Amino acid sequence: MKRFLPSLALLGLLSSPGFAQSIKRSDYPIQAVSFTKVKLADNFWLPRLKTNTDVTIPASFQRCEATSRVKNFEMAAAKSGKFATIFPFDDTDIYKTIEGASYSLKLYPDEKLDEYMDELIKKVAAAQEPDGYLYTARTIDPAHPHEWAGPERWVKERELSHELYNSGHLYEAAVAHYEATGKKNLLTIALKNADLVCSVFGPGKRG
């Protein structure tokens with residue numbers, strides 16, 4: 001009981017408005033602003049963002065289709081075929097393009113782009129393994145994964161597998177997509193993968 005009382009006192013101190021304000025004042029004087037709250041009305045950046053929306057993003061998605069990056073996810077969902085691109089981090093080109101398209105979607109709403117991303121996210125979800133693992137270079141053919149991947153999950157993570165690298169780009173895309181659209185379809189995929197990563201890595205686990 002005696003040890004419990006100081007804990008209560010500390011909890012009360014931490015929850016007091018004065019203490020919270022003192023912490024806030026000691027933080028950085030400039031805080032980050034969500035991209036959803038930024039509005040541009042200039043003659044330099046705004047036209048370039050419009051070009052990004054009209055030209056760059058569609059070209060990037062088309063490139064992902066043409067170079068079989070999307071096909072890798074389709075094959076991973078079917079667990080059939082042969083990894084069709086060169087590097088195991090090629091998955092991230094889809095994530096990065098979704099991230100950029102999400103930023104654009106907030107500035108220039110586009111129903112067709114929104115629907116396309118939803119269909120693409122369905123393919124990403126179908127490629128995810130039941131425990132959250134998402135890495136097409138292994139899932140397509142687990143018995144013959146990409147040479148950079150190693151015979152088992154994570155064993156070459158510190159070398160060339162890029163398993164966690166891919167996850168990081170997935171998370172960034174998921175946050176951007178959720179903030180821009182309010183949809184949780186990609187966020188759910190990312191959270192499931194993050195739960196797996198947290199169960200594998202950390203103190204007393206894989207380093």
Side-chain angles (χ1 to χ4, degrees), residues 32-38 53 57-58 60-65 68-81 83-85 87-142 145-146 149 152-154 157 161-202 205-206:
V33 176
S34 170
F35 76 88
T36 60
K37 298 185 182 303
V38 176
T53 296
I57 291 170
S60 183
F61 277 130
Q62 190 279 330
R63 186 71 176 165
C64 286
E65 298 269 6
S68 296
R69 280 159 170 76
V70 174
K71 183 180 179 181
N72 279 339
F73 283 87
E74 295 170 343
M75 291 190 294
K79 293 182 173 56
S80 176
F83 188 72
T85 58
F87 302 110
F89 52 74
D90 288 337
D91 289 359
T92 65
D93 288 333
I94 287 178
Y95 304 149
K96 288 181 282 190
T97 306
I98 289 176
E99 180 183 2
S102 297
Y103 291 137
S104 175
L105 204 62
K106 189 65 180 178
L107 186 62
Y108 297 107
D110 184 329
E111 185 176 345
K112 186 177 178 180
L113 176 60
D114 192 19
E115 290 175 355
Y116 175 80
M117 285 200 292
D118 280 344
E119 291 302 311
L120 194 55
I121 290 168
K122 287 179 183 177
K123 293 180 180 183
V124 174
Q128 187 171 40
E129 296 189 26
D131 65 353
Y133 190 71
L134 185 52
Y135 184 70
T136 67
R138 184 184 310 282
T139 303
I140 291 171
D141 184 0
H146 191 283
E152 298 176 1
R153 294 179 181 182
W154 321 118
E157 172 50 41
S161 79
H162 289 79
E163 285 154 290
L164 295 182
Y165 172 87
N166 289 10
S167 292
H169 279 293
L170 169 64
Y171 303 160
E172 291 179 335
V175 170
H177 184 258
Y178 173 69
E179 288 191 343
T181 67
K183 298 178 183 179
K184 294 185 177 180
N185 45 353
L186 188 58
L187 186 65
T188 298
I189 297 168
L191 289 171
K192 189 174 182 180
N193 180 263
D195 285 341
L196 172 66
V197 170
C198 289
S199 73
V200 172
F201 295 91
K205 305 173 188 177
R206 182 185 291 270

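Computed from a predicted structure; not experimentally measured.
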Non-hydrogen side-chain atoms of [X] and [Y] separated by less than 4.5 Å:
{"X": "Cys64", "Y": "Thr97", "result": "yes"}
{"X": "Leu107", "Y": "Thr53", "result": "no"}
{"X": "Tyr116", "Y": "Ile121", "result": "no"}

From CA spacing to verdict: side-chain contact (heavy atoms from CB on, under 4.5 Å), Met75, Ser80: CA-CA 5 Å; Met75 291 190 294; Ser80 176; over 6 Å; no

Atom NZ of Lys205 with >12 non-hydrogen neighbours under 6.0 angstrom: yes

Spatial distance of atom [atom1] ([X]) from atom [atom2] ([Y]) [nearest 0.5 Å]:
{"X": "Glu157", "Y": "Ser167", "atom1": "CD", "atom2": "OG", "value": "8.0 Å"}
{"X": "Thr181", "Y": "Leu186", "atom1": "OG1", "atom2": "CG", "value": "9.0 Å"}
{"X": "Glu119", "Y": "Lys122", "atom1": "CD", "atom2": "NZ", "value": "4.0 Å"}
{"X": "Phe73", "Y": "Thr139", "atom1": "CZ", "atom2": "OG1", "value": "9.5 Å"}
{"X": "Glu179", "Y": "Leu187", "atom1": "CD", "atom2": "CG", "value": "10.0 Å"}

Does NZ or CZ of Arg153 lie under 6.0 Å from the centre of the six-membered ring of Tyr135, at an angle within 45° of the ring axis? no

Listed by chain and number, what are the side-chain contact (heavy atoms from CB on, under 4.5 Å) partners of [X], not counting sequence neighbours?
{"X": "Ile57", "result": "Asn52, Phe61, Ala101, Ser104, Leu113"}
{"X": "Ser102", "result": "Ile98, Met117, Ala176, His177, Ala180"}
{"X": "Arg206", "result": "Trp154, Val200, Phe201"}

Ile140 vs Lys79, side-chain contact (heavy atoms from CB on, under 4.5 Å): CA-CA, chis, key distance, verdict: CA-CA 5 Å; Ile140 291 171; Lys79 293 182 173 56; over 6 Å; no

Ionic contact status for Glu99 with Lys96, cut-off 4.0 Å: no

Do the side-chain N and O atoms of Asn72 and Thr85 include a donor-acceptor pair separated by under 3.5 angstrom? yes

Ignoring hydrogens and angles, state whether a donor on the side chain of Tyr178 or Asn185 is under 3.5 Å from an acceptor on the partner side chain. no

Who are the side-chain hydrogen bond (donor to acceptor under 3.5 Å, both in side chains) partners of Asp141, not counting sequence neighbours? His144

Under 3.5 Å, is there a donor-acceptor pair between the side chain of [X] and the main chain of [Y]?
{"X": "Asn166", "Y": "Leu134", "result": "no"}
{"X": "Thr92", "Y": "Phe89", "result": "yes"}
{"X": "Asp90", "Y": "Phe87", "result": "yes"}
{"X": "Glu129", "Y": "Tyr133", "result": "no"}

Pairs flagged by salt bridge (Lys or Arg N to Asp or Glu O under 4.0 Å) wherever residues 162-172 is involved - sequence neighbours left out: Arg138-Glu163

Does anything in residues 180-199 form a salt bridge (Lys or Arg N to Asp or Glu O under 4.0 Å)? List the pairs, not counting sequence neighbours. Asp114-Lys183, Asp118-Lys183

Go through Val197 and Tyr171 one step at a time and tell me if the side-chain contact (heavy atoms from CB on, under 4.5 Å) criterion holds. CA-CA 12 Å; Val197 170; Tyr171 303 160; 3.6 Å; yes

Between His169 and Tyr95 (judged by ring centroids, cut-off 6.0 Å), do the two rings come close enough to count as a pair? no

